[in-house]
Structure formats: C-alpha cells, structure tokens
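FYI, the numbering just counts along the sequence from 1. Because the structure is a prediction, the values reported are computed rather than measured. Computed from heavy atoms alone, side chains included, the values below leave out hydrogens, waters and symmetry copies.
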Amino acid sequence: MTSGAADRTPSPITRREKSGARTVKAVHGVREAAPDPQFELDLAVDLRGRLNSEQLLEAFTQYSSGAGYIDVLMRRICFRALVKKLGSGVAIQRSVSVIHPETFEIGDRVFIGEQTIIQGRFDGRCVIGAGVWIGPQSYFDARDLVIGDHVGWGPGAKVLGSEHTGLPADIPLIQTDLQIAPVRIGSCADIGVNAIILPGITVGHAAIVGAGAVVTRDVPEFAKVAGVPARVIGWRKEQKSMKSAGRNS
C-alpha cells in the first residue's frame with residue numbers, strides 16, 4: 001500500500017517542462033549567403049543611372065508594402081540602387097522606411113524587419129555588418145552608427161545617435177543645436193526587445209542588453225546588462241569560437 005501511494009505521487013515538474021520550452025537550431029544566424037543574381041545587380045546599376053535619388057526612393061516606396069515575388073525582388077533592387085553598399089542575401093521586409101540611404105553600407109545576409117526605420121544624415125555614416133538580424137518596428141538614428149557582424153537586434157529596440165544641446169535655455173529645445181555622438185555595437189552582441197541605446201554609447205563584443213533596458217553608459221565585452229538605467233547583472237562565458245566568428249569575419 002505504501003508503495004502504491006508512492007507510485008501515485010506526482011513527480012516535481014520543472015519550469016522548463018511546465019512551459020513546454022525546447023531548444024531548436026538557429027535559422028538566420030547559420031544561413032549561407034549565395035551571390036545575388038547578376039540581373040539584380042545590373043538592374044540596380046541601370047536604375048541608378050536613369051533615376052535621381054528622389055525617384056529611386058519613390059520606386060522603393062512603391063514596392064515597400066507588398067509580399068509577393070515582384071515586390072520583394074524590386075524592393076531589394078531599388079534598395080541596392082539607393083545605398084552606398086549592399087551585400088548578398090539581404091532580406092528587406094514590408095514597410096521599411098529609410099532616410100539618406102546613400103550613407104548606408106550593409107553587409108551580407110542582413111535581415112531588416114517590418115516597419116523598421118533607419119534615419120541617416122546627408123553627411124553621416126551607417127554601417128550594418130554581415131549576418132545582422134533586425135526585428136520589426138526597430139528605430140535607428142543612424143547619423144554615425146556602426147553595427148558589427150552577427151548582431152541580434154530585438155523587435156522595437158531603438159538607438160539614438162543625437163540630441164539637442166538645450167542651450168541657450170531661453171529658446172525651444174528643438175531650436176538648439178544638434179549634437180551627434182557615434183554609437184558602436186560590437187560584433188555578436190544581442191540587443192533585447194524594446195531596449196534603448198543612447199547617443200555616444202559603445203556596446204562591447206558579445207554583450208547582451210536585456211529587454212526594455214535603457215543603456216546610458218558603455219557596456220563591456222561579454223557583459224549582460226538590464227534595467228533602467230542598464231547595469232551589469234552578469235557575464236557571458238567567453239568562447240574562442242564566438243570571438244573568432246565576430247572579429248575575423
């Protein structure tokens with residue numbers, strides 16, 4: 001009887017088992033980049049020669065909201081004609097908005113999620129490294145922005161690269177001079193959902209910024225930060241393979 005009672009006692013259920021969590025293989029991060037078809041490259045060159053920047057942007061916008069083959073194809077061709085540099089295998093999802101794309105340099109296999117806004121500046125610089133994944137509804141103040149290879153950028157995360165000085169104080173703040181400060185996101189870093197990176201910040205190689213964090217100071221390599229303002233809450237275990245992937249690619 002005692003044995004039977006013991007058999008009927010439910011075993012403790014771990015949080016992982018209760019939630020149904022499971023581990024699956026990565027998709028975007030391990031995808032290979034095949035060279036884009038030559039006709040895409042040729043058509044982008046042809047469009048750049050025939051249309052001015054405003055007309056190219058209008059063409060890009062024309063195809064920005066569709067999900068069909070022609071929309072996806074023409075979106076990438078127009079985008080290539082607009083930017084300074086575009087790698088192979090770039091995926092541009094619907095309703096992406098760009099300002100001063102002529103300053104953009106984008107690597108291979110970059111994924112740009114729906115409703116992302118990338119706001120450059122006529123005399124600025126925006127570099128997005130190879131293998132970067134950008135979640136939907138992200139915002140980039142890309143006046144002086146460099147994102148390293150293999151960075152994950154969570155949905156809704158934002159980076160600010162400029163702010164008004166607020167001086168003199170007797171005029172509206174938006175009428176004061178704009179101070180542009182470079183933002184650098186190290187390779188293999190991961191920026192959580194709805195996190196905010198403030199002007200002048202460097203996020204180190206392979207660091208993790210938690211969801212909703214507001215980053216007001218530099219983040220060391222391999223650090224894990226969270227909170228408002230963001231503070232170091234732990235450290236990732238350094239792996240030679242990760243350093244090699246991020247710094248030698």
A.B. asks: Mind checking the OG1-CG spacing from T103 to D123? Nearest 0.5 Å is all I need.
C.D. replies: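 The CG atom of D123 is 9.0 Å from OG1 of T103, to the nearest 0.5 Å.
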A.B. asks: Quick one about D141 and S162 (side-chain donor to acceptor, distance below 3.5 Å, no hydrogens or angles considered), yes or no?
C.D. replies: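 Yes, side-chain donor-acceptor contact under 3.5 Å.
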A.B. asks: Quick one: sort the W153 and F140 rings into parallel, tilted or perpendicular, breaks at 30° and 60°.
C.D. replies: tilted
A.B. asks: By the rule that ILVMFWY residues connect when side-chain heavy atoms come within less than 4.5 angstrom, directly or transitively, which residues belong alongside V146?
C.D. replies: V127
A.B. asks: On a heavy-atom basis, which atom in S187 and which in H205 lie closest, and how many Å separate them?
C.D. replies: OG-ND1, 2.8 Å
A.B. asks: What pairs meet the ring-ring contact (aromatic ring centres under 6.0 Å, His included) rule with one or both residues in residues 34-93, with sequence neighbours excluded?
C.D. replies: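 Found F60-F79.
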A.B. asks: May I have the step-by-step check of side chain to side chain contact (heavy atoms under 4.5 Å, CB included) for L43 and R80, ending in yes or no?
C.D. replies: CA-CA 10 Å; L43 184 51; R80 184 183 300 279; over 6 Å; no
A.B. asks: Give a yes or no answer on whether the side chain of R121 reaches the backbone of D144 with a donor-acceptor pair at less than 3.5 Å.
C.D. replies: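 Not confirmed, R121 side chain does not pair with D144 backbone.
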A.B. asks: T176 side chain to G166 main-chain N or O, any donor-acceptor pair under 3.5 Å?
C.D. replies: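 Side chain of T176 to backbone of G166: a pair is present.
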A.B. asks: I would like to know whether Q93 and R75 meet side chain to side chain contact (heavy atoms under 4.5 Å, CB included); could you show each step before the answer?
C.D. replies: CA-CA 9 Å; Q93 301 303 295; R75 196 154 58 225; 5.5 Å; no
A.B. asks: Please give me the minimum heavy-atom distance between D218 and G200, naming the atom from each residue.
C.D. replies: OD1-O, 3.9 Å
A.B. asks: How long is the gap from CG on L51 to CG on D46, to the nearest 0.5 Å?
C.D. replies: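 Between atom CG of L51 and atom CG of D46 there are 8.5 Å.
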A.B. asks: I'd like to know if the side chain of D108 and the backbone of A130 have a donor-acceptor N/O pair within less than 3.5 Å.
C.D. replies: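 Checking the backbone N and O of A130 against the side chain of D108, no donor-acceptor pair under 3.5 Å is found.
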A.B. asks: State which residue, out of V215, V159, V203, fulfils the side-chain contact (heavy atoms from CB on, under 4.5 Å) condition with V183.
C.D. replies: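 Option passing the side-chain contact (heavy atoms from CB on, under 4.5 Å) with V183: V159.
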A.B. asks: Just by distance, do the side chain of H28 and the backbone of G131 share a donor-acceptor pair under 3.5 Å?
C.D. replies: yes
A.B. asks: Would you find a donor on one side and an acceptor on the other, under 3.5 Å apart, between the side chain of R143 and the backbone of G124?
C.D. replies: no
A.B. asks: Could you walk me through whether S95 and Q115 satisfy the side chain to side chain contact (heavy atoms under 4.5 Å, CB included) test, starting with their C-alpha distance in whole Å, then the side-chain angles of each, then the deciding distance to 0.1 Å, before giving a yes or no?
C.D. replies: CA-CA 5 Å; S95 302; Q115 299 181 349; 4.0 Å; yes
A.B. asks: Do you know the tightest heavy-atom contact between P220 and A207?
C.D. replies: O-CB, 3.6 Å
A.B. asks: Would F222 and W235 count as a close aromatic pair, with their ring centres under 6.0 Å?
C.D. replies: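 So the answer is no for these two rings.
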A.B. asks: Tell me if the CD1 atom of I174 is crowded by more than 12 foreign heavy atoms within 6.0 Å.
C.D. replies: no
A.B. asks: Can you tell me how far the CD1 atom of I134 sits from the CD1 atom of I106, to the nearest 0.5 Å?
C.D. replies: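 Rounded to the nearest 0.5 Å, the CD1-CD1 separation comes out at 7.0 Å.
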A.B. asks: After noting the C-alpha distance and the side-chain angles of L160 and I201, does the key distance pass the side chain to side chain contact (heavy atoms under 4.5 Å, CB included) rule?
C.D. replies: CA-CA 9 Å; L160 303 178; I201 296 298; over 6 Å; no
A.B. asks: First locate atom OG of S64, then atom CD1 of I92, and finally report the distance between them rounded to the nearest 0.5 Å.
C.D. replies: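 That separation rounds to 11.0 Å.
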